Amino acid sequence: FFFFFLCTHFIFAQQYDPLYTQYMFNSLAINPAYAGTSGVLNAMAMTRHQWVGFEDAPNTQTFSLHSPIASKNIGAGLSLVLDHVGPVVNTNFSLDYSWQLLLTEKVKLSFGLKGSISSFRRDLSKYFNEVGNDQIYYETPDSRILPNFGFGLYCYGEQFYAGAAMPRIIQNIISDDGSVSSVADRENRLYILMAGGVFNLGTEFKLKPSFMFRASNSAPVSCDLNLNLLIKETVWVGGMFRPREAFGAILQGQLTNQLRIGYAFEMMTNKLMSHHRGTHEIMISYDFIFKKDYIQNPRYF
């Protein structure tokens, strides 16, 4: 027993950032340079329920709205993200601004700025009866307001896109006592790199590969690899793979020229696989077209 108490080990918590399987149609939440790039007023709502059947599993709701303004070279948008992870609720509201530079007739480079406010709330009282009379679980819920800002780049054409972003720059302290003893005691910077393209396979099929890298000093580097097939400009069918983490499937339907609905399913590849019923994600996107003579090109991103 004496030898056992001399052996010490350090453990570190990690922060959780929302994941999106259908990130190529939800880029505004992570990259402000995406604002206005659709050319019309676009509204998108998404709900993601991770590890269904697992108690206190993460779930995320996202709403975004963005459009070109004043001239087609300027875009603006807003996003609202409600993220639950166990006893922690993080509500984030952000405003986005973008300025687009025409590189060629068909290629644009967009620069974006993001200003955001997060309401971080942690309530441990729900666990009070499970842990006995530990007073820390019965204290008033911890709550704080955290401002932040970020920036991004987004280069795109009719059949490709590439982007990089840092959606938060300020490393706000979120520990109870205001100290920083580990990476979990503050908001850590998040780095995003993403790209994708569309390739014709005959007259009725298109292949769309895409990827997204995420890096932060509070979590290991993560990568999403996606491959989708577009059938008759109407139905997307594809799959995703997150190395060492998950695999899944994506199904999207272009119901009208303005309305798109998507569903994604993920299954973990680690030991958690047998303890839940997968991750489910539903997306609805709508383009508001106010000009009757407006001709909308097919949107692939």
Side-chain angles (χ1 to χ4, degrees), residues 13-31 34 44-62 81 83-86 159-165 167 190-199 201 205-216 218-232 234-254 260-285 299-301:
Q14 69 180 43
Q15 289 180 3
Y16 172 87
D17 286 294
L19 297 174
Y20 301 105
T21 304
Q22 302 172 88
Y23 57 84
M24 64 291 292
F25 296 104
N26 187 32
S27 297
L28 188 66
I30 54 179
N31 191 344
Y34 188 75
M44 191 281 307
M46 178 181 291
T47 181
R48 178 182 173 89
H49 297 267
Q50 194 161 323
W51 311 335
V52 172
F54 202 93
E55 186 177 0
D56 290 334
N59 66 86
T60 306
Q61 287 72 47
T62 304
V81 179
D83 190 39
H84 294 80
V85 185
Q159 294 187 300
F160 84 96
Y161 76 93
L190 178 65
Y191 306 91
I192 301 289
L193 182 64
M194 57 197 303
V198 173
F199 302 93
L201 298 179
F205 299 93
K206 289 182 171 63
L207 191 65
K208 177 187 172 183
S210 61
F211 73 86
M212 180 170 68
F213 282 97
R214 293 175 299 273
S216 172
S218 64
V221 174
S222 178
C223 174
D224 277 23
L225 305 173
N226 293 67
L227 186 63
N228 291 276
L229 180 68
L230 175 60
I231 306 171
K232 295 184 177 181
T234 302
V235 178
W236 289 99
V237 179
M240 63 78 60
F241 177 61
R242 190 174 302 124
R244 301 184 303 277
E245 292 186 40
F247 66 93
I250 301 173
L251 177 64
Q252 292 188 358
Q254 189 75 44
R260 177 197 298 266
I261 295 179
Y263 169 76
F265 171 80
E266 285 185 26
M267 182 57 72
M268 303 289 290
T269 57
N270 56 28
K271 294 181 180 180
L272 287 177
M273 184 176 182
S274 60
H275 297 280
H276 62 84
R277 298 188 296 275
T279 295
H280 304 264
E281 183 179 285
I282 299 174
M283 179 206 72
I284 300 177
S285 176
R299 287 191 59 206
Y300 303 126
F301 319 110

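Treat the numbers as computed from the prediction; the structure is a model and nothing was measured. All residue numbers refer to positions in the sequence shown, counting from 1.
Here the closest heavy-atom approach between residue Phe247 and residue Met268 is recorded as CE2-O, 4.4 Å. Minimum interatomic distance between Trp51 and Thr279 (heavy atoms only, all atoms of both residues): N-OG1, 3.2 Å. Residues Phe301 and Tyr161 share a closest heavy-atom pair of CD2-CD2, 3.1 Å. For Arg214 against Cys223, the heavy-atom pair with the smallest separation is NH2-N, 4.5 Å. The two atoms that bring Arg242 and Ser222 nearest to each other are CD-OG, 3.6 Å, heavy atoms only. Taking each heavy atom of Pro167 and Leu190 in turn, the nearest pair found is CD-O, 3.3 Å.
The structure places CG of Asn31 at 13.0 Å from OH of Tyr23, a figure rounded to the nearest 0.5 Å. In this structure, OG1 on Thr234 lies 10.5 Å from CZ on Arg260, to the nearest 0.5 angstrom. Summarising the geometry, atom CD belonging to Gln61 is positioned 8.5 Å from atom CG belonging to Asp83; distances are rounded to the nearest 0.5 Å. We find the NZ-OG distance between Lys208 and Ser210 to be 6.0 Å, quoted to the nearest 0.5 Å. Note that the CE atom of Met283 and the OH atom of Tyr20 stand 13.0 Å from one another [nearest 0.5 Å]. Atom CG of Asn226 is separated from atom CZ of Phe241 by 11.5 Å, given to the nearest 0.5 angstrom.
Using a 4.5 Å heavy-atom threshold, the side chains of Phe265 and His280 count as touching. Side-chain contact between Thr47 and Asn59 is absent, with no heavy-atom pair separated by less than 4.5 Å. No side-chain heavy atom of Leu229 sits under 4.5 Å from any side-chain heavy atom of Val235. Ile231 is listed as a side-chain neighbour of Phe205, based on a closest heavy-atom distance under 4.5 Å.
Ala45 pairs by the side-chain contact (heavy atoms from CB on, under 4.5 Å) definition with Phe63, not counting sequence neighbours.
Under a 3.5 Å cut-off, the side chain of Glu266 and the backbone N or O of Ala246 do not form any donor-acceptor pair.
The one candidate from Ile282, Leu19, Thr62, Asn26 that meets the side chain to side chain contact (heavy atoms under 4.5 Å, CB included) condition with Arg48 is Leu19. Of the options Val237, Leu227, Asn228, a side chain to side chain contact (heavy atoms under 4.5 Å, CB included) to Ile250 is made by Asn228 and by none of the others.
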